[in-house]
Amino acid sequence: MAAKKLQSIRGIHDGLPAEVRAWQRVEAAARKVFGTYAFSEVRLPVLEPTELFVRSIGEATDIVSKEMYAFTDQGGDHICLRPEGTAGAVRAYLQGGLTRSGGQRWFYIGPMFRRERPQKGRLRQFQQIGVEMFGAPGPLEDAEILAMAHAFLSELGIGGLQLEINSLGCTACRPAYREALVAYLHERADLLCETCKERMDKNPMRVLDCKVASCQAELSAAPEMVNHLCASCESHFAGLQAGLKALQVPYHINARIVRGLDYYNRTAFEIVTDQLGAQGTVLAGGRYDGLIEELGGPATTAIGFAAGLERLAMLLGDSEPAVVDIAVVVLGEQVIPYSLQQAAKLRQHGFSVVHCGGGSAKRQFKAADREGARFVVVIGKDEMQAGVATLKNMATGEQQQLAFEQLVNVIRD
RNA sequence: GUGGAUGUAGCUCAAUGGUAGAGCCCCGGCUUGUGAUGCCGGUGGUUGUGGGUUCGAGUCCCAUCAUCCACCCCA
C-alpha cells in the first residue's frame, strides 16, 4: 500500500457494479413509466450559479445557508454544485425560451450535493430522479403527477409505502394561518422543546413535524392549514382528492407535512417507508406556482417531485447478478486465435461472452462458474478441426457437440 | 453542527497488557479436456492514522480520519 491511503470524500460513495445494477433497475422503471405519461428526459448542469439557489430555495433554509458546496472559480464567479434539481430546471426552461411552447413535462436523473452529516440514506453526493411539469394549472395535473409517482414505485415492486398529501395554502391564505399557528404555539411555548422554541418564530410550520413526543402531544389541537384554506385552495385540494380517487391512488391526508424549500404552495406530498430508519422519505414534492415568476419568467403554474435513487435502491433487496450467457473454454495453445474468433461471432449474436483465457480446463471451468455463465462452449483441437464446439449447460451439467449455428439456437432457448 | 457506537487479512469476525488467528474468498495440487460438494497445501495484516502511558499496546489514554445510529435536515 502506498504511503498515504487515498479514499473518497466523506459521504461520497462509489457506485460499484452490484449497486449500479440496482440503480439501473430504478432508472429503467422511471424511464418506462414516465415515458407512458409523455415526459421527456433532460440533462442539466451540475454546476450552477450560486445565486440561482439563493433566490429559489431561500437564503434562510439549511440547504442554502450551510449545506451548499459553493465557491468562487478562477474567474471570480460564484458557482456551486447543485443541491437539488428544480431550480436548475426552471432556469433551463426560461433560458431555453420554452415559455411560449406550451406545457413542458420533464424528468431528469443525476447527482445532487449537500454537505450534511452522512447517515444511512443520506449522502453528500446522492442521486435524484426528478420530475417537473411547467404549465400545470389545476388539481387534475396534481392528481396525474401523483398517479405517475405511484405507478413508478409500483413498477419497482416496493411494498409498504404510504402516500401522504397536504395543502400548504397560497399567499392569500397562508399568512393568516401562520398567525393562528404562531399564536397557538406561543400559548404553550414553555412546553415545547428547545429547537421548537427557536423554530416557533423563524419557521413555525416546521414545528408541526417535530419528532419530540412531548411536542407532538402539545400539537394535537394545533390549527391545521387544511382547515384554513381560502376558497380556491380549498377547491383545488378537493379536486386533487377527487382525481386520486378516480385514479384509485391510495393516500391519506397528513396535515403535518411541510416542505423544506420556500417555493412550494398548495399541494405538498411525500411517499414514505418505515424501512429506512430516520431517512424514510423516498419521494417528495409539490406545487410551486410562484417560482418561475420569482426567477424572472412569466407567471407559470408548476408541480414536481424528486425521488432519492439510493434510497429506492436500498428498498429493492438483492439485485440480480450480472448476466453472462457464455464462457468460452479453450484447450490448447494453437486453438486460441480460433477461439477468440468464435467468441467474437457469438457476441455478434447478442450474447454476453467471456473468454476464459486458456490454461488448464479446471481453471477455466472454475472461472466460468464464478462468472455465473449459463453455458460453457469448449473449443479444443478436435472441435476446431471438425468446425464444432462442445456445449455444456452449467445448470444441468449436460454436454453435447454441436455445430456453431445449432449451438446458437440451443442457447437462445 | 450536536450526541452515541464502532474501526484487526479482500469479506465476516476472534485474540485475560505478553509470539496476531479462524471461516469464507483467492491461488495451486489430489493422473492426460470439465465448475458449483470433498481432501491437502499456499498467498495475504507496520491491528484506520498520528502521538502518549508501559519492560511490553490490537488491548489503556489523547488526537485525527472514516463508517454506522440518533438529533437536525431532507430525497
Side-chain angles (χ1 to χ4, degrees), chain A residues 1 3-13 26 57 61-67 83-86 109-131 149 193-196 198-199 203 206 209-212 215 257-261 269-273 276-286 304-315 327 329-332 335 356 358-383 389-399 401:
Chain A
M1 193 137 306
K4 199 160 112 192
K5 202 194 268 178
L6 238 31
Q7 51 186 354
S8 69
I9 294 164
R10 179 175 205 192
I12 299 187
H13 290 186
V26 178
I57 304 178
T61 60
D62 281 11
I63 293 179
V64 169
S65 64
K66 47 196 193 203
E67 294 175 1
E84 59 98 38
T86 298
I109 303 173
M112 306 294 164
F113 304 82
R114 264 122 88 161
R115 198 183 180 288
E116 300 183 90
R117 183 87 167 253
Q119 198 176 318
K120 191 176 205 71
R122 189 170 78 183
L123 297 168
R124 289 183 172 186
Q125 176 176 340
F126 61 102
Q127 298 173 89
Q128 280 190 344
I129 298 181
V131 164
C193 73
E194 285 309 309
T195 26
C196 279
E198 274 177 45
R199 278 192 284 229
N203 196 350
R206 268 266 160 254
D209 67 353
C210 179
K211 279 169 194 143
V212 178
C215 285
I257 287 188
V258 164
R259 300 279 71 213
L261 284 45
F269 56 92
E270 289 184 6
I271 294 178
V272 297
T273 174
L276 250 35
Q279 309 299 325
T281 303
V282 119
L283 183 152
F305 67 76
L309 180 46
E310 287 88 348
R311 287 184 188 179
L312 288 173
M314 277 191 282
L315 296 174
V329 167
V330 51
L331 300 164
V335 190
C356 290
S360 77
K362 189 186 192 74
R363 194 198 68 77
Q364 294 186 74
F365 268 87
K366 256 185 158 161
D369 188 54
R370 190 168 44 235
E371 295 281 2
R374 292 160 55 225
F375 291 93
V376 165
V377 168
V378 185
I379 307 173
K381 210 166 120 189
D382 301 342
E383 283 93 344
T390 300
L391 179 70
K392 177 164 184 171
N393 181 321
M394 292 296 274
T396 65
E398 279 175 71
Q399 190 161 301
Q401 276 211 348

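Each chain gets a letter, A, B and so on, in the order the sequences are listed, and its residues count up from 1.
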Checking all strands, does [X] fall into the base, sugar-phosphate, or nothing category for heavy-atom contacts under 4.0 angstrom?
X: A/Gly372; result: nothing
X: A/Ala368; result: nothing
X: A/Gln119; result: base
X: A/Gln127; result: nothing
X: A/Gly277; result: sugar-phosphate
X: A/Gly332; result: nothing
X: A/Lys66; result: nothing

task: Measure the distance from CG on A/Asp369 to P on B/U34 and round it to the nearest whole Å.
output: 15 Å
message: I need a per-nucleotide contact map over nucleotides 26-33 of chain B, read 5' to 3'. Cutoff is protein heavy atoms under 4.0 Å; write B for the base, S for backbone only, - otherwise.
response: SSS-B--B
- prompt: With sequence neighbours excluded, what pairs up with A/Gln364 under the side chain to side chain donor-acceptor pair (under 3.5 Å) test?
  reply: none
- prompt: Would you say the side chain of A/Arg117 and the base of B/U2 hold a donor-acceptor pair, judged only by whether the two atoms sit under 3.5 Å apart?
  reply: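 In this structure, the two groups form a donor-acceptor pair.
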- prompt: With no angle test and no hydrogens, is the base of B/C72 tied to the side chain of A/Arg122 by a donor-acceptor pair under 3.5 Å?
  reply: yes
- request: Treat a base pair as Watson-Crick or G-U wobble with both distances under 3.5 Å, then lay out RNA chain B in dot-bracket form, 5' to 3', with | for cross-strand pairs.
  value: (((((((..((((....[..)))).(((((.......))))).....(((((..]....))))))))))))....
Given RNA chain B, 5'-ward residue of the pair A/Gly308 and A/Met394, judged by closest heavy atom: A/Met394
